[in-house]
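Notes follow the structure.
Quick caveat, the model's predicted, so the values are computed rather than measured.
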Amino acid sequence: MKKIYIASALLAFSLSVGAQTNSILLQTGNKLYAKGSYNEAVQYYEKYLTAKGVTDVKPYLVNKLGATGKSSSNDNVLLNLADSYTKLNNSGEAAKWYGAYTEQAGSNISNDVRIAYAQSLRANGKYDEAIAQLSAVTGNSNSDAKDLAYAKLETSKLAFAKQELAKKDDTKSYKLAIADNKYSGSYAPALLNNKIVFTATEGSSNQLIETYHDGPQWKLGNVVNIPAIADKSQGVASFTEDGKLAFTTGWSVNDKGLKETAIYISKNSGSGWSQPELMGASVNATGSNNKQPHITADGKFLFFSSDRTGGQGGYDIWVVMMNGAEAGQAYHTGTEVNTPYDEEAPFYHSGSDEMVFASNGHVGMGGFDLYRSKRQNGGKFTNVKNLGAPFNSVKDDIYFVARQDVGLLERPVISTDRGSACCLELYAAVKPYTRTFTTTITDAGSGAVIPGAKVSITDAKTGKLLQELTTDAQGKISVENLKSTSLKLSISKDGYTASDITAENSTANTEELLVDNGKLKLKALEKEKVIVEDGIATFNNILFAFNSDVLEGSSSDELDAMVAYLGKNEGLKVEIGAHTDGKGSVAYNNSLSAKRAKAVVKYLTDAG
């Protein structure tokens, strides 16, 4: 019996120690979660669940936690674990633990959880399951207007994602294989000295690192050594074209686990980058978070994302005019761009006069999608369009950069977590552009189109023949992807004067560029005034006054046409005949006719 008592005591002690250990794991996980240390929190939560006997997440195993359909501390573990993975952008793990939570909670599930669960399901391509969660929100009579609006937005995103993924496009996208993927995150690409500079995360630290295209490969360049900001992480940079100014984002996490951000400026005098300085209140408005700066190629405007008052809600895109390193007053980019949710990571492309930005508030494919918007007079941006697949995915696509001298979507680099379990990575895209040069050949007199005209297009600078075409039934020619910017068009057709016209082939950076004769201001062909039938050119309407051998002024057009015709056709035999009316004697009329013929000969010889 004594041994039994000892064994029982040992068992009780073991159970007590195990319970204490579990309690410590749970408490530590909760503390880490509360302060925003999500990566560490998930490790303690998962150890806690393992200790409770949950090593795999399936509905029947979740019941080991003692599911009753009522809220408990166990519910909070699953929910905090799912939310932590959401914050870490790991949609796969988030969906798994949201699923476990919903199984345990039964019908006692908030709209926020259902929407978050639907988002993680969508990111994993589980559209039907996602729609089921969203339908539970829209079908709930107790759902408020905000939840209903967001659930409807997410439902629209699912439909749009299906539509985009079904499309066929020649655009290709691929992951940048740099440094054997040594970084846990590589994002926020920017341009500096014709190279891409990105923010690289390794462990808990960030660096700004160059990468460049060398043949078929992307290679790592130098670290951009901008001094650290005290007690802050730093990255997400933008540089002026001359490489003399850098704008960076500095951030820290407060006691509540929330990220606080501000924009800094650093100067490069040639010997290195200066200590970053906090920009003024027009950029870093009091009481707000400001991040993701982008300086335009000409250095005149700084775009950034801010949650300051005066916007649409969440983060909006704002702009300040720059005078060197000095910022002017901030203004809002408009209500078409910005939504009650988040608009971030702006990029301005001067070639197309468009802004690209990321948003989770417009209809898109995933969480954050990339959109484009055209700048209007007054600085507002309108006509917002989703970039579509493959620039966007069902996950997060949030940073974009492109060279200014090519098309907006021709060769951009973006950040996306589409190929990662958690983190943003750099991807490149290549989109074939179609540029169509077209014009219509018309009659100068009547304006009628001229079908069947022959058109030879040569490079006006090199003389190289590019294309030979014939106008169609509507008098048009069209040719795609002419590389030359300066063209010579040689146009000819029987009965018309041949014409050489120099035209400019626009280099505007739009995907589907149509250069037409309205822009080229083509001169219509002039029709020949000489009628040739059976090898005989006949000239009419050479007139004289009554009883005179002096040519009337109206005859000059016809005689000038004769001069031009003879100049083009040397060696021709010319017969000039003249006549009079029937008045007067035959002898007089013959003499007058001869004088009139001589007057024509004299006009022609005098003209050369």
Side-chain angles (χ1 to χ4, degrees), residues 89 115 119 146 149-150 152-154 156-157 160-161 187-190 199 236-238 247 249 251 258-263 282-285 287-296 301-320 330-349 352-376 378-388 391-402 408-409 412 414-417 424:
N89 294 317
I115 291 172
Q119 290 172 329
K146 182 179 177 181
Y150 201 63
K152 289 177 180 177
L153 173 63
E154 288 297 316
S156 297
K157 287 184 177 183
F160 183 78
Y187 61 101
T199 301
V236 192
S238 181
F247 301 86
T249 304
W251 68 89
L258 301 176
K259 187 178 289 187
E260 296 177 342
T261 62
I263 295 173
S282 64
V283 174
N284 293 304
S288 69
N289 290 289
N290 304 277
K291 60 183 181 178
Q292 301 162 334
H294 168 71
I295 188 73
T296 56
F301 297 92
L302 182 71
F303 289 73
F304 59 98
S305 181
S306 175
D307 64 357
R308 66 187 63 196
T309 58
Q312 293 293 102
Y315 281 90
D316 283 13
I317 307 297
W318 294 77
V319 187
V320 293
Y331 65 89
H332 195 248
T333 51
T335 56
E336 290 195 35
V337 166
N338 298 291
T339 71
Y341 305 103
D342 296 317
E343 281 67 48
E344 301 186 6
F347 169 80
Y348 181 73
H349 188 254
S352 59
D353 210 13
E354 290 183 281
M355 175 177 66
V356 174
F357 63 96
S359 173
N360 61 10
H362 291 277
V363 174
M365 295 180 64
F368 277 95
D369 269 25
L370 293 166
Y371 299 82
R372 65 195 301 179
S373 179
K374 194 78 171 176
R375 186 177 69 88
Q376 305 298 326
K380 301 297 183 183
F381 287 79
T382 61
N383 195 26
V384 174
K385 294 180 180 179
N386 189 289
L387 297 190
F391 302 101
N392 289 315
S393 67
V394 296
K395 299 183 81 174
D396 285 327
D397 308 279
I398 196 170
Y399 293 95
F400 178 103
V401 70
L408 175 66
L409 302 181
I414 63 175
S415 296
T416 175
D417 64 350
L424 293 173

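Annotation for Arg372 and Glu354: closest pair NH2-OE1, 2.7 Å, computed over non-hydrogen atoms. For the pair Ser282 and Ala330, the tightest heavy-atom approach, listed with the atom from each and the gap, is O-CB, 3.3 Å. Summarising the geometry of Val337 relative to Ser373, their closest heavy-atom pair is CG2-OG, 3.6 Å, with the distance given to 0.1 Å. In plain terms, the two heavy atoms of Ser305 and Ala345 that are nearest each other are CB-N, 4.4 Å. Scanning both residues, Ala188 and Ser415, for their nearest heavy atoms gives N-OG, 3.0 Å. Here the shortest heavy-atom pairing between Pro189 and Tyr399 reads CD-CB, 3.7 Å.
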Derivation and outcome, side-chain contact (heavy atoms from CB on, under 4.5 Å), residues Phe400 and Leu408: CA-CA 10 Å; Phe400 178 103; Leu408 175 66; 3.9 Å; yes
Working for side-chain contact (heavy atoms from CB on, under 4.5 Å), residues Tyr150 and Gln119: CA-CA 11 Å; Tyr150 201 63; Gln119 290 172 329; 2.9 Å; yes
Derivation of the side-chain contact (heavy atoms from CB on, under 4.5 Å) call for Lys291 and Tyr315: CA-CA 10 Å; Lys291 60 183 181 178; Tyr315 281 90; 3.6 Å; yes
Residues Asn289, Lys259; criterion side-chain contact (heavy atoms from CB on, under 4.5 Å); working and verdict: CA-CA 9 Å; Asn289 290 289; Lys259 187 178 289 187; over 6 Å; no
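Here Asn89 pairs with Asp396, Asp417 under the side-chain contact (heavy atoms from CB on, under 4.5 Å) rule; sequence neighbours left out. Listed by chain and number, the residues in a side-chain contact (heavy atoms from CB on, under 4.5 Å) with Ser156 are Val363 (sequence neighbours excluded). When the side-chain contact (heavy atoms from CB on, under 4.5 Å) test is applied to Thr335, the partners found at least two apart in sequence or on another chain are Gln312.
Taken from OG1 in Thr333 to CE in Met355, the straight-line distance is 4.5 Å, to the nearest 0.5 Å. Rounding to the nearest 0.5 angstrom, the gap separating the CD1 atom in Ile398 from the OG1 atom in Thr416 is 10.0 Å. Asp316 CG to Thr339 OG1: the interatomic distance, rounded to the nearest 0.5 Å, is 7.0 Å. Interatomic distance, CZ of Phe304 versus OG1 of Thr249, reported as 11.0 Å (0.5 Å rounding). Annotation: the span from Leu387 atom CG to Ile414 atom CD1 amounts to 8.5 Å, rounded to 0.5 Å. To the nearest 0.5 angstrom, Gln376 atom CD is 3.5 Å from Thr382 atom OG1.
In this structure, the side chain of His294 engages the main chain of Tyr348 through a donor-acceptor pair within 3.5 Å. Judged by distance alone, the side chain of Asn284 and the main-chain N or O of Asn290 form no donor-acceptor pair under 3.5 Å. Distance alone, capped at 3.5 Å, places no donor-acceptor pair between the His362 side chain and the Leu370 backbone. A donor-acceptor distance shorter than 3.5 angstrom exists from the side chain of Glu336 to the backbone of Asn383, with no hydrogens or angles considered. Thr261 contributes no side-chain N or O that, together with a main-chain N or O of Trp251, makes up a donor-acceptor pair within less than 3.5 Å.
Aromatic ring orientation, His332 versus Trp318: perpendicular (interplanar angle above 60°, classes split at 30° and 60°).
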